[in-house]
Structure formats: C-alpha cells, structure tokens
Amino acid sequence: MACIYGNIMIIDTTGASQETANQDRLNVNGVKASEKLAETDLDRMKNYKSMITKVARAKQMDPAVIAAIISRETRAGNVLEEGWGDHGYAFGLMQIDRRYHPLDPRVAWDSEEHITQATEILIRFIKEMKAKFPMWSQEQCFKGGISAYNGGVNAISSYEEIDDRTTGKDYSNDVVARAQWFKSQGY
C-alpha cells in the first residue's frame, strides 16, 4: 500500500529525548529509546492493527505512522482513563484535543472512526506544512505534519527547529523513529 505523503523510512530522525525515554526509565535516548518504547507497546498495538491497516489503506497513509502516533500518544491505549488523556483535554488512541478539534460523542476512543478522524487531522497538517513551506521536500512536509499534529502549524518556524515547541521537544523525531521500527514489524 502506497503512502502518498512520503516515505517514512528515509526521513531523518534523532529519536526520543531523554525526557521521553524516562517514561520507561530507559538509560538510553535517541532512536534506540524510541524503538524500545515502541517494542513495549507492540503487544497492545496488535489489538488495533486491522483497524490501523484499514484506515491507512483508505486514507493512503503509512500504517506504521498511525501505529507510531498511537504508541507515542497513549502507549497503545495503556495510559487512558475511559478514553481520555492529557488532563481530560484529549480523547482516544491518537489523542484528538477537544480544544482544537470537534469530537463526536458517539465515537468510541478505540474505534476505526476515531483513527480515521485523527488520520484526517494528520493529513490536513501535512498539507498545511506544504502550503507554509513550499520549498520543503515531501518527506520534510510529512515530518512537519507529524510535528504539527502535536504542537500546531504555527509552532514550526523552520525544519531545523521542527520539534522545539512540541512535547518533550522531540515529537516528530520520536514518532518517525517509532514508525520506522513499526514498519520493520509489518505495519
């Protein structure tokens, strides 16, 4: 299945910051930490693989990227309380923030509909990055969209500072590294 937004495997990444790695008390950071965090989530992620694959196919998104965002945002649902996270502001596996995006109260936090809505939000951010930075490559816009998924489009002023205003100052780098690892696991 082709992802029309770029090839996640060729995007540069520094991986997780030490702050992010500390979630699992890892004594490493960077790509190795992202890989270990994703590996910890792999068994739980299997519960969602068929939905991830179906949405990815329909939206022409890389399923490994969807899995990586689910891993980063909710540890594959492991840190949610009745579907809610981020102090009650964000909902679902991919943490759609109700302050910025409408939520349908009929949609379950772990449903295909939720993954579809969140993937559509990611795609919108990728397109906004292309409009904001028309000279960026397809892969740079892809990574920028991942960063904007966490911090918003206005938080990004250059590719070199892509994660400066994201959670842990590593969001897109961590998600890209996790996605590359999930790709190696058949996502």
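Predicted model only: the values in this text are computed from it and were never measured.
Applying the ring-ring contact (aromatic ring centres under 6.0 Å, His included) rule to pairs touching residues 83-104 yields W84-F91, sequence neighbours excluded. Pairs engaging residues 141-165 under the ring-ring contact (aromatic ring centres under 6.0 Å, His included) rule: W136-Y159 [sequence neighbours left out].
A side-chain contact (heavy atoms from CB on, under 4.5 Å) with I162 is found for exactly one of M129, K143, Q140, namely K143. The side-chain hydrogen bond (donor to acceptor under 3.5 Å, both in side chains) with D163 is formed by just one residue from the set N173, N150, T14; it is N173.
At distances below 3.5 Å, at least one donor-acceptor pair connects side-chain atoms of Q18 with backbone N or O atoms of L26. Side chain of T116 to main chain of E112: a donor-acceptor pair is present (N/O by atom type, distance under 3.5 Å, no hydrogens or angles). Between the H114 side chain and the M94 main chain, a donor and an acceptor come within less than 3.5 Å of each other. Judged purely by atom type and a 3.5 angstrom limit, Q180 uses its side chain to pair as donor or acceptor with the backbone of I11. The backbone N or O of I10 lies less than 3.5 Å from no partner atom in the side chain of E139, so there is not a single donor-acceptor pair.
Side chains of T20 and D174: a donor-acceptor N/O pair is absent below 3.5 angstrom, by distance only. Side-chain contact annotation: S34 with R178, donor-acceptor N/O pair under 3.5 Å absent.
The pair R75-D24 counts as a salt bridge, with a side-chain nitrogen and a carboxylate oxygen less than 4.0 angstrom apart. Between D164 and K169 there is no salt bridge, since no side-chain nitrogen of the basic residue lies less than 4.0 Å from a carboxylate oxygen of the acidic one. A salt bridge links R124 with E128: the distance from a Lys NZ or Arg NE/NH1/NH2 to an Asp or Glu carboxylate oxygen falls below 4.0 Å.
For the residue pair A76 and R44, the shortest heavy atom distance occurs at CB-CB, 3.6 Å. For the pair G168 and R72, the tightest heavy-atom approach, listed with the atom from each and the gap, is N-NH2, 4.4 Å. Heavy atoms only, all atoms of each residue included: D110 and L93 are closest at CA-CD1, 3.8 Å. Taking each heavy atom of K59 and T119 in turn, the nearest pair found is CB-CG2, 4.0 Å. Closest heavy-atom contact between R99 and D86: NH2-OD2, 3.5 Å. Considering all non-hydrogen atoms of both residues, I156 and A148 come closest at CD1-N, 3.8 Å.
Note on I70: it does not cluster hydrophobically with V107, by side-chain heavy-atom contacts below 4.5 Å among ILVMFWY residues. L42 and L37 fall into different hydrophobic clusters, where Ile, Leu, Val, Met, Phe, Trp and Tyr are joined by side-chain heavy atoms under 4.5 Å apart, directly or via other members.
The environment of K132 atom NZ is dense: over 12 non-hydrogen atoms of other residues, nucleotides or ligands sit within 6.0 angstrom.
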side-chain contact (heavy atoms from CB on, under 4.5 Å) between V55 and M61, intermediate numbers included: CA-CA 8 Å; V55 171; M61 176 54 64; over 6 Å; no
Audit row: E73, Y171, side-chain hydrogen bond (donor to acceptor under 3.5 Å, both in side chains) steps and yes/no: CA-CA 10 Å; E73 290 286 347; Y171 189 87; 2.7 Å; yes
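In this structure, CG on D170 lies 10.0 Å from OG on S147, to the nearest 0.5 angstrom.
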